[in-house]
Every structure is written in structure tokens, then in C-alpha cells.
Amino acid sequence: MFLAKLSRQNRSPLALAFTFSTRHLSSSNLYDRYSFRPPPSLVPEPQNIEPHPDSRTNNLKKKKKPQYRPPSSLDRTGSKPIHSELPFDFRYSYTETSPTVRPIGLREPKYSPFGPGRIDREWTGVCAPALDPKVRSVEGVEEEDPNLEKKRKLTRGRIQGEPLTGAERKILVENCQRHKTSRQVNLGRDGLTHNMLNDIHNHWKHAEAVRIKCLGVPTVDMKNVCTQLEDKTFGKIIHKQGGLLMLYRGRNYNPKKRPVIPLMMWRPHEPIYPRLIKTTIDGLSIEETKEMRKRGLAVPVLTKLAKNGYYGSLVPMVRDAFLFADLVRIDCQGLEKSDYKKIGCKLRDLVPCIPVTFDKEQIVVWRGKDYKPAEDGYFAATDQNSVDDSNMISAADKHESDVEDNDSQSS
């Protein structure tokens, strides 16, 4: 006992405290009553214990993130370029770019908007021509090729088949109305873009006709919009009311044999075109040009264009105004600068007229010294077509009513 007391006296205070705490824990009932566990500093536990494969903690283990892979447009290892049999040049917009107008330069180096090595066509900075530009010059490719035109007509005629009757057209137009379906393709300031062709074919998988809503700059020339839609999709416009179009896919259209349309990954840069407003108007001096611009901004406004509106009646309005005045001013407040510049360019070609200025968000055009109204029968032809369509539908309705009357009389 004396030796135990002596050894206790010789111990350090830390060792005595550890002995006391161990003896106290062993003699107490805290663990049995409250499931008490001593801290790991006093009772070390094994650290690297693998959980059982059937345990819940193993199932809740965090999954590793997959290794980063670049987008498909850049990761083209082992894949062949896409080949498309479409007989026309691929452009970003088919209605807002003209193959007859040559740019004077490019804002950025040439790169394909389809992605590197995605298609087997070379991007010239403006388009991806259907013919090899190395065989023929770019100027020759941009001109209308007779072989491609003939191929387009044959393909479109084969898909369309026999023309629709009045009753069939009426049923298709009725099924495309807003209260019948919500399927719609919106055609905005960029016009008929290349990727929009894929959207139209996606709608044609579920319906024979698709509704297209046209707003903004392209509606100035609706004739070009209708022509490009039929030419690039091989469809047929069966109804037109303002900026609302119904595009029919054709009797022999097969969704499983739809054409290959490579999608553009991003929008290409706009090329540099010649200036639309010149320093001096042809045939006038500098003083006369300045005076005309000042006078053009003071003439009464012909009309005010609404943002993203329908401008189908703008060309005939300007033509009628030129019968009484030599200068016409159009208010474009609220429109984008690029939008009313495109409108001025379309008026120059369609009216025709000479743009004077675009200052203060106004379009001022001059009819020129030797103005002759253009003999364009598009509007009259459009009205005639609508009259013919209504006559066809009314004739079909009359025939159906006659059949019903005969059936009732026979019964």
C-alpha cells in the first residue's frame, strides 16, 4: 500500500487525470443509459473501415462527374462530314441576302458557321455553294445554275404530286387555324434562315401543312418570301392573308426521306457591302444634295412604321405618293437602325427610288428625275389568286350542298 501511494505521488498530473477519467467511465452507467461514447482522443477507433456493400451509406456515395468533352461541333474525331443533296447554296438567310449583290469585303476571317469539318462544302464567307468553288469561280457559283434549277423543279414536282382540290385546301387551311393547333413558325427580321428549314420539316412530321407568321422587314417583299419558301422547302403555299401563310408539304412527301439539312452552329458575320447613301446623289451637286436632305426631313410623314409590324402595303403607298410628290418621308422611330436601312434598300429596288437620308430615324426617298412607275403585277396577281381560291372553295361548298339536297329529295 505504501508502494502504491508512492507510485501515485511520483506520477504526473496528466497521467493522474487520465487514470481518474478511465476509472470513472468504467464504473459509471452513462454508456448503458444514454449510449455515451467517449471522445476519439481518449478511445481511438479504426479510421479506414470499408462499409458493407449492402449498407445505405454505400448507396448514397457521391458519383464522380463525367470527364469534360468538348461540344460536338469541335469534337469531330472519327466522324465523316455531312453530305446534303439539296440543290441550292446554303446561306444564313435566303430572303435578306441576294446572290446578285457582291460584297466588297469581309469583316472577319472566313470560318464555317456549321463548325469545322461538319459539312463537305466550303464556306466562301457569304454562302456554302452547292458546286465546288475550286472548279468554278465564286461569281459563277452565285449565279443561277440551270442544272440546279432543273433539279429543284423536278424534286418539287415529284413531292407535290397532283394539285389540291378546293375541298382539300379548305380542310387543310381550317386545320392550321389558331383555334385548331398551336404549331407555328415565326419568320422575323432575319427572314427565312437556313435553320428554319429544319423547323418546317419537323412540323411536317405531324401535320400536312404548317402555319408561318411573318413580321418585320421581310414583309416589305412578301413575293420574295413566298418564292423562297416554296423554292427551298419544295412545298406549296395554299393560303395567304397578310403576313400569315399556310405551307403545304405535298401529296408524296415522306417524313422518313426528308432531306439532310446540316444546322448552323452560330451566325456568320455580315459582309461589307457598298454604301447605300452616297455623299452626292447621281445627277445632283453637293449643294443640291444638302438642300434635298434638309427638305426631305421637313415634308409631311407618309406613314409611321410599328416595330415588328406588317409592311406589305408600304411599296404601293410609296408608289402612289410619288404620283403627287418627289420626296417621301417614312417615320421609323423605335426601329433598329439595321432594320430601316434594310427597308430603304428594299424600297430602292421595288419602287424603284433613290434613298436620300436615314437621319433622325427617318427614311427619305426621292423618285428621281425620270421617274416611271414600275409595272409590277404581283399585287394584282395575289388578289386574283385569293379570288380564285375563294371561288374554288365556294364552288366546292356549292357542290356539297347540291349533293345533300339531292340525297334529301331522294330520301
Which atom names give the shortest non-hydrogen contact between [X] and [Y], and what distance separates them?
X: Pro268; Y: Tyr111; result: CA-OH, 4.5 Å
X: Pro87; Y: Phe234; result: CD-CZ, 4.0 Å
X: Arg249; Y: Pro255; result: NH1-CG, 4.1 Å
X: Arg293; Y: Val356; result: NE-O, 3.1 Å
X: Thr219; Y: Gly309; result: OG1-O, 3.8 Å
X: Trp266; Y: Gly115; result: CH2-CA, 4.1 Å

If we ignore hydrogens and angles and just use 3.5 Å, is the side chain of [X] paired with the main-chain N or O of [Y] as donor and acceptor?
X: Arg251; Y: Pro163; answer: yes
X: Asn224; Y: Thr95; answer: yes
X: Arg211; Y: Cys176; answer: yes
X: Lys151; Y: Leu86; answer: no
X: Ser93; Y: Thr193; answer: no
X: Arg91; Y: Thr97; answer: no
X: Arg329; Y: Val299; answer: yes

Rounded to the nearest 0.5 Å, how far apart are [atom1] of [X] and [atom2] of [Y]?
X: Asp221; Y: Glu96; atom1: CG; atom2: CD; answer: 9.0 Å
X: Asp326; Y: Lys369; atom1: CG; atom2: NZ; answer: 12.0 Å
X: Tyr253; Y: Arg258; atom1: OH; atom2: CZ; answer: 5.5 Å
X: Ile82; Y: Arg118; atom1: CD1; atom2: CZ; answer: 4.5 Å
X: Leu215; Y: Tyr310; atom1: CG; atom2: OH; answer: 10.5 Å
X: Tyr248; Y: Thr233; atom1: OH; atom2: OG1; answer: 13.0 Å

_Any salt bridge linking Lys153 with Asp231? Criterion: basic side-chain nitrogen under 4.0 Å from a carboxylate oxygen._
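No, Lys153 and Asp231 are not salt-bridged.
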*Hey, are Glu230 and Arg152 close enough for a salt bridge, meaning a charged N less than 4.0 Å from a carboxylate O?*
no
_Using the rule given for side-chain contact (heavy atoms from CB on, under 4.5 Å), can you reason through Cys353 versus Arg367, listing the C-alpha separation, both sets of side-chain angles and the distance that settles it, and then say yes or no?_
CA-CA 5 Å; Cys353 58; Arg367 67 181 181 182; 5.6 Å; no
Residue pair [X] / [Y], side-chain heavy-atom distance below 4.5 Å:
X: Leu192; Y: Leu229; result: yes
X: Glu122; Y: Pro129; result: no
X: Ser84; Y: Pro262; result: yes
X: Ile281; Y: Met292; result: yes
X: Asp89; Y: Thr124; result: no
X: Phe114; Y: His194; result: yes
X: Val126; Y: Pro271; result: yes
X: Leu245; Y: Val225; result: yes

*Determine, step by step, whether Phe358 and Val364 satisfy the side-chain contact (heavy atoms from CB on, under 4.5 Å) criterion, reporting the C-alpha distance in whole Å, the side-chain angles of both residues, the deciding distance to 0.1 Å, and the verdict.*
CA-CA 7 Å; Phe358 293 135; Val364 179; over 6 Å; no
Less than 3.5 Å apart, which donor and acceptor atoms pair up between the side chains of residues 331-351 and the rest of the protein, not counting sequence neighbours?
| unit_1 | atom_1 | unit_2 | atom_2 | d |
| --- | --- | --- | --- | --- |
| Asp331 | OD1 | Gln333 | N | 3.2 |
| Asp331 | OD1 | Gln362 | NE2 | 2.9 |

*Run the side-chain contact (heavy atoms from CB on, under 4.5 Å) check on Thr357 and Ile277 step by step: do they pass?*
CA-CA 7 Å; Thr357 182; Ile277 302 293; 5.5 Å; no
*Residue pairs passing the side-chain hydrogen bond (donor to acceptor under 3.5 Å, both in side chains) test where at least one lies in residues 279-288, sequence neighbours excluded*: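 For residues 279-288, and leaving out neighbouring residues, there are no side-chain hydrogen bond (donor to acceptor under 3.5 Å, both in side chains) pairs at all.
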Side-chain donor-acceptor contact under 3.5 Å, [X] with [Y]:
X: Asp190; Y: Tyr92; result: yes
X: Asn186; Y: Gln184; result: yes
X: Glu208; Y: His203; result: no

*Check step by step if side-chain hydrogen bond (donor to acceptor under 3.5 Å, both in side chains) holds for His239 and Gln177.*
CA-CA 11 Å; His239 179 73; Gln177 296 300 325; 5.1 Å; no
*Validate the cation-pi geometry between Arg121 and Phe90: distance from NZ or CZ to the six-membered ring centre under 6.0 Å, angle to the ring axis within 45°.*
yes
_side chain to side chain contact (heavy atoms under 4.5 Å, CB included) against Lys257, all qualifying residues, sequence neighbours excluded_ = Asn254
*asked:* Quick check on Leu323: does its CG atom have over 12 non-hydrogen neighbours (other residues, nucleotides or ligands) under 6.0 Å away?
replied: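 Enclosed: over 12 neighbouring heavy atoms sit under 6.0 Å from CG of Leu323.
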*Can you establish whether the number of heavy atoms outside Lys304 located under 6.0 Å from its atom NZ is more than 12?*
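More than 12 within 6.0 Å, yes.
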*List the steps and the verdict of side-chain contact (heavy atoms from CB on, under 4.5 Å) for Ile272 and Leu106.*
CA-CA 6 Å; Ile272 302 174; Leu106 300 176; over 6 Å; no
